[in-house]
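Step one of this worksheet: look at the structure below.
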Amino acid sequence: MLNLQSRINGKDDDRHYNETRIAVRDRLIAQEMRDLEARMRGQNVWKLHVPSANKVHEMSLTVTPHEGTYRNGTFRFTITVPTEYNNCPPIVKCLTRIWHPNITEDGAICLSILRQNSLDQFGWRPTRNLLEVVQGLTSLFTDLIDFDDPLNVQAAQMWSHHRCVLGQSGC
């Protein structure tokens, strides 16, 4: 019997299956990279970089928002695409230390699309792709800050307090 959770955790006795999944993952990434490269040319908010041609499943993303509270900041992320991709979401970590309601100081990220099992309808599904992940990450710095389900509760409380002090909506 297949045990997806064991394979996600790197425990796999079936080497042939693992090699097949790696080949499928790499083909999916190659297809998605063409779309990502085309989208990257038309904007200057994010840049995706694959440091090694031998490891196309390891990427770095730089986000530079041009609006909102985080405008003109530069935020770096690592994106690691697991062997079980597209059945499992990419693993993303923020490398830039930031005070944000949905990002911890250790770089963990709260974003529905990155959740394997999500209570809402926005979690990971096999039909999702890397472009949606990149768009979700860039939106964290503009319109997708979630105060109702923050990962960094202190940052969310501080953010909400300052919005109320400034008389902005949502208080």
Side-chain angles (χ1 to χ4, degrees), residues 2-12 18 21-22 24-37 39-40 43 45-52 55-65 67-70 73-157 159:
L2 297 176
N3 187 341
L4 181 60
Q5 192 60 45
S6 292
R7 289 189 171 141
I8 291 169
N9 293 331
K11 297 175 186 170
D12 185 14
N18 197 31
R21 278 304 308 166
I22 289 171
V24 168
R25 175 201 63 195
D26 290 350
R27 273 193 301 255
L28 287 169
I29 291 171
Q31 291 171 351
E32 292 182 31
M33 286 304 287
R34 287 190 286 274
D35 188 32
L36 283 162
E37 288 169 358
R39 295 287 182 108
M40 194 166 40
Q43 55 76 46
V45 174
W46 58 270
K47 298 288 180 213
L48 190 67
H49 177 67
V50 179
S52 172
K55 295 183 178 183
V56 295
H57 62 284
E58 295 178 0
M59 304 165 208
S60 61
L61 173 71
T62 303
V63 176
T64 308
E67 57 187 44
T69 304
Y70 296 98
T74 300
F75 306 97
R76 294 183 317 119
F77 297 87
T78 58
I79 301 174
T80 304
V81 182
T83 304
E84 294 293 335
Y85 183 78
N86 63 346
N87 294 316
C88 300
I91 300 161
V92 181
K93 183 173 182 170
C94 183
L95 300 177
T96 306
R97 195 159 181 205
I98 182 173
W99 188 248
H100 190 287
N102 303 111
I103 303 173
T104 65
E105 291 183 60
D106 295 333
I109 300 166
C110 179
L111 186 62
S112 292
I113 194 172
L114 296 176
R115 293 181 186 166
Q116 178 69 31
N117 300 312
S118 182
L119 297 176
D120 60 19
Q121 296 178 352
F122 302 109
W124 186 259
R125 295 187 300 262
T127 55
R128 299 238 188 241
N129 58 44
L130 292 171
L131 179 59
E132 292 178 76
V133 171
V134 169
Q135 290 171 335
L137 291 169
T138 59
S139 294
L140 281 177
F141 298 102
T142 56
D143 59 350
L144 202 62
I145 298 173
D146 187 359
F147 299 101
D148 298 327
D149 184 25
L151 193 56
N152 184 339
V153 176
Q154 290 177 321
Q157 290 171 344
W159 182 279

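Taking CD of Gln154 as the start and CH2 of Trp99 as the end, the distance is 4.5 Å to the nearest 0.5 Å. Remark: Arg97 CZ to Glu105 CD distance equals 4.5 Å, nearest 0.5 Å. Interatomic distance, Leu28 CG to Met33 CE, rounded to the nearest 0.5 Å: 13.0 Å. With rounding to the nearest 0.5 angstrom, the CD1 atom of Ile22 is 7.5 Å from the NE2 atom of His57. Distance check: Thr64 OG1 to Trp46 CH2 gives 12.0 Å after rounding to the nearest 0.5 Å. Note that the CG atom of Leu61 and the CE atom of Met40 stand 9.5 Å from one another [nearest 0.5 Å].
Counting heavy atoms from C-beta outward, Leu111 and Leu137 have side chains that approach closer than 4.5 Å. At a threshold of 4.5 Å between non-hydrogen side-chain atoms, the residues Ile98 and Phe141 count as touching. Using a 4.5 Å cut-off on side-chain heavy atoms (C-beta onward), Asn129 and Tyr85 make contact. Taking the side chain as every heavy atom from C-beta outward, Arg39 and Val134 never approach each other to under 4.5 Å. Side-chain contact between Leu48 and Ile79 is present, with heavy atoms from C-beta onward closer than 4.5 Å. In this structure the side chain of Thr142 reaches within 4.5 angstrom of the side chain of Glu67, judged on heavy atoms. Residues Val133 and Pro89 have side chains not in contact (no heavy-atom distance under 4.5 Å, counting atoms from C-beta outward). For the pair Val63/Tyr70, no side-chain contact is recorded, criterion being any heavy-atom separation below 4.5 Å from C-beta on.
Heavy-atom minimum distance, Arg115 versus Cys110: NH2-SG, 3.0 Å.
Under the 3.5 Å distance criterion, the side-chain polar atoms of Asp106 are left unmatched by any main-chain donor or acceptor of Ala108. Proximity of a side-chain donor or acceptor of Thr96 to a complementary backbone N or O of Arg76 within less than 3.5 Å is detected. At least one donor-acceptor pair closer than 3.5 Å links the side chain of Trp124 to the backbone N or O of Asn86. Arg128 places a side-chain N or O within 3.5 Å of a backbone atom of Gly123 that can act as its donor or acceptor partner.
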Let me see the working for Thr80 and Lys93 under side-chain contact (heavy atoms from CB on, under 4.5 Å), right down to the final yes or no. CA-CA 9 Å; Thr80 304; Lys93 183 173 182 170; over 6 Å; no

Step by step, work out the side-chain contact (heavy atoms from CB on, under 4.5 Å) result for Asp35 and Glu32. CA-CA 5 Å; Asp35 188 32; Glu32 292 182 31; 5.7 Å; no

Would you sort out whether Ser60 and Lys47 count as a side-chain contact (heavy atoms from CB on, under 4.5 Å), showing the intermediate values? CA-CA 8 Å; Ser60 61; Lys47 298 288 180 213; over 6 Å; no

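Residues His100 and Phe75 place their aromatic rings such that the two centres sit no closer than 6.0 Å.
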